[in-house]
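Here is the structure we will look at, set down as structure tokens.
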Amino acid sequence: MEEYRRKLEKDIVWDKVIFVVFLFLAIVAFISTARVKWGSGIGGGFLAACFTSARRIKESKELLKNEEKLKKHYIEAHDERLEKIRLEANRMTLGIVLIVISIAVVILMLTQAMGPILYTLLAVLIFMVVVLLIVHAVYSRLM
Amino acid sequence: MKTRIAELRKMNKISQEELANAVGVTRQTITSIEVEKYVASLPLAYKIARYFGLTIEEVFDFSDVEGM
């Protein structure tokens, strides 16, 4: 539990850094893209990251003050069933995304719609497969 | 995998919440193990068995496991 407490304290420091950096980026983005169409969307994205880190700081501080909540949070964060659910969900999502992109690439090739969309999808597909192979090789060495 | 967790809990008058807190998992995980929807890992099985003062084999039924 003490280790988890220290992890939360570290997270707070990182979240504060993220908050300051993204707040700065949001201000810069709002000023520099004020005249560009959809430009405020970039600033909005940075601002959303700011709000997320602020919310995480608030949550972490509340957890550190309340021992009961901290224990509950620790259990939820380390529960093996929830961890397995997360892993399965990630695995399934990755599989579905790979299949959908592959189908899209095949459809584009069959319809001879050669263009930036096909090349982008193809690049994403190749990148995902390469990353998958590298990660697999790394974990094979580790386990 | 069949287990005697529900039976042992009733015998010792322990709630799922109490057992879950003692072994460091959520109450839902204990429920899932009891209704055979989830198979506990070896460390968790050991913790549960030790909580009841029994061995893993006395709590978990390995007869369904292939090759046993």
Side-chain angles (χ1 to χ4, degrees), chain A residues 1-15 52-53 55-97 132 135-143, chain B:
Chain A
M1 190 65 77
E2 269 312 302
E3 205 174 296
Y4 190 58
R5 189 184 283 276
R6 278 198 293 275
K7 185 196 167 293
L8 279 181
E9 283 166 352
K10 268 186 194 170
D11 285 351
I12 289 174
V13 174
W14 277 113
D15 278 326
T52 307
S53 53
R55 190 177 54 81
R56 277 169 53 96
I57 292 167
K58 188 175 170 274
E59 275 176 11
S60 299
K61 280 189 173 177
E62 277 174 9
L63 284 174
L64 287 173
K65 281 179 195 162
N66 190 328
E67 194 66 31
E68 196 64 34
K69 272 189 184 175
L70 181 70
K71 195 184 172 192
K72 204 177 168 194
H73 197 267
Y74 174 81
I75 286 173
E76 277 172 11
H78 293 85
D79 183 75
E80 62 173 49
R81 185 179 131 272
L82 293 177
E83 223 153 84
K84 198 172 180 190
I85 290 169
R86 277 192 287 268
L87 279 174
E88 283 297 312
N90 288 347
R91 195 179 61 84
M92 187 67 84
T93 307
L94 179 65
I96 292 168
V97 169
L132 200 65
V135 171
H136 191 277
V138 169
Y139 274 97
S140 295
R141 278 171 182 265
L142 288 174
M143 291 184 188
Chain B
M1 179 184 275
K2 284 178 189 157
T3 77
R4 288 179 57 217
I5 297 174
E7 177 198 330
L8 290 164
R9 272 197 312 101
K10 277 170 196 159
M11 264 170 57
N12 293 286
K13 290 177 183 163
I14 296 158
S15 67
Q16 286 184 332
E17 191 80 51
E18 284 170 310
L19 175 61
N21 283 335
V23 296
V25 293
T26 59
R27 188 188 56 77
Q28 289 87 342
T29 298
I30 299 295
T31 309
S32 293
I33 296 169
E34 283 185 5
V35 298
E36 300 170 37
K37 271 168 82 178
Y38 176 71
V39 178
S41 67
L42 186 60
L44 178 59
Y46 175 72
K47 279 184 194 173
I48 292 170
R50 204 175 59 170
Y51 181 79
F52 290 114
L54 300 168
T55 61
I56 292 177
E57 292 96 320
E58 286 171 316
V59 180
F60 295 85
D61 180 7
F62 289 94
S63 59
D64 288 346
V65 179
E66 214 173 310
M68 295 287 288

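Here is the naming used below: chain letters follow the sequence lines, and residue numbers restart at 1 for every chain.
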statement: Value for CZ (R81(A)) from CG (L44(B)), rounded to nearest 0.5 Å, stands at 11.5 Å
query: To the nearest 0.5 Å, how far apart are CD in Q28(B) and CD1 in I85(A)?
result: 9.0 Å
- prompt: Rounded to the nearest 0.5 Å, how far does OG1 of T26(B) lie from CD1 of I75(A)?
  reply: 8.5 Å
message: Please check this pair: side chain of E80(A) against backbone of V25(B), looking for a donor-acceptor N/O pair closer than 3.5 Å.
response: no
field: Contacting moiety of S32(B), where chain A heavy atoms sit under 4.5 Å
entry: side chain
task: Please state whether the side chain, the backbone, both or neither of K84(A) comes within less than 4.5 Å of a heavy atom of chain B.
output: side chain
field: Atom CZ of R4(B): over 12 foreign heavy atoms under 6.0 Å
entry: yes
- request: Give a yes or no on this: more than 12 heavy atoms of other residues, nucleotides or ligands lie within 6.0 Å of atom OH of Y46(B).
  value: no
